[in-house]
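Values below: every heavy atom of this structure, side chains too, minus hydrogens, waters and symmetry copies. Each chain gets a letter, A, B and so on, in the order its sequence line appears, and its residues count up from 1.
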Amino acid sequence: RKEVEQDPGPFNVPEGATVAFNCTYSNSASQSFFWYRQDCRKEPKLLMSVYSSGNEDGRFTAQLNRASQYISLLIRDSKLSDSATYLCVVNSYGGSYIPTFGRGTSLIVHP
Amino acid sequence: ETGVTQTPRHLVMGMTNKKSLKCEQHLGHNAMYWYKQSAKKPLELMFVYSLEERVENNSVPSRFSPECPNSSHLFLHLHTLQPEDSALYLCASSQGPRYEQYFGPGTRLTVT
């Protein structure tokens, strides 16, 4: 089983739609979680950290479900500019904290 | 801007060349990372330095040699690379290993 798994998509949605991505992780001792977005041929940029109680930043909501070992990202009122690849990152401790990236989920928002 | 810079942005080298990639962070962070991103593959963690000590070497071939002279600078020395080493090499930094990372723009490397 891969350590961090994401549905590669693409998720193809119209502007204004609500879309959700999940990311599952295998290490139950994982400590910290993040969502990044990556545009084509660019570096990943931090979108938001994921906290145990869930957190929201504008149109974006992140959730953590430790019991089922997944994190989620919800995007409301999708914009064309949201088109990108969304990467989840899980930090696990094994002597030191090591980040593991998922493969990413591709989102295409169309007019 | 992320405060992490990388040079050069593009590099073409032959298999017998020796070159170095440079990363500098202006964020006051204590941890720095090298990643490799090949086409249609996930980010692969290569090396992690925390407080200038290497804490992770993810089974990377010896033709890649990292160097971290201080907490602001990170190098990746390259020698006798193979064509399959062509990729985007990304540097990142964070406050510490469990915190969010900030990436540089990457060096796009082509090995001929």
Same apolar cluster: [X] and [Y], side chain cutoff 4.5 Å:
X	Y	answer
M13(B)	V60(B)	yes
L76(B)	L43(B)	no
M46(B)	V90(A)	no
M15(B)	L21(B)	yes
V13(A)	I108(A)	no

Does any part of the side chain of I98(A), heavy atoms only, come nearer than 4.5 Å to the side chain of L45(B), both counted from C-beta?
yes
Find out whether Y35(B) and E43(A) are in side-chain contact, i.e. whether some heavy atom of one side chain is under 4.5 Å from a heavy atom of the other.
no
What are the two closest heavy atoms between P42(B) and G102(A), and how far apart are they?
CB-O, 4.1 Å
I need the contact set between residues 83-100 of chain B and chain A: heavy-atom distance under 4.5 Å, sorted by residue number.
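Expected list: L90(B), P97(B), R98(B), Y99(B), E100(B).
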Heavy-atom distance under 4.5 Å to chain B: side chain of Q6(A), backbone, both or neither?
neither
Less than 4.5 Å to any heavy atom of chain B: does that hold for the side chain of F33(A), its backbone, both, or neither?
neither
Got a sec, which pairs hit ring-ring contact (aromatic ring centres under 6.0 Å, His included) with one end in residues 6-33 of chain B, sequence neighbours left out?
H29(B)-Y102(B)
Let me check something: any side-chain donor-acceptor pairs from residues 103-110 of chain B under 3.5 Å, sequence neighbours excluded? List them with distances.
residue	atom	partner	partner atom	Å
T107(B)	OG1	P8(B)	O	2.5

I'd like to check the side chain to side chain contact (heavy atoms under 4.5 Å, CB included) partners of S65(B); sequence neighbours left out, ordered by chain and number.
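Result, side chain to side chain contact (heavy atoms under 4.5 Å, CB included) vs S65(B): H77(B).
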Toward chain A, the part of Q37(B) with a non-hydrogen atom under 4.5 Å:
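Contact with chain A involves the side chain of Q37(B) alone.
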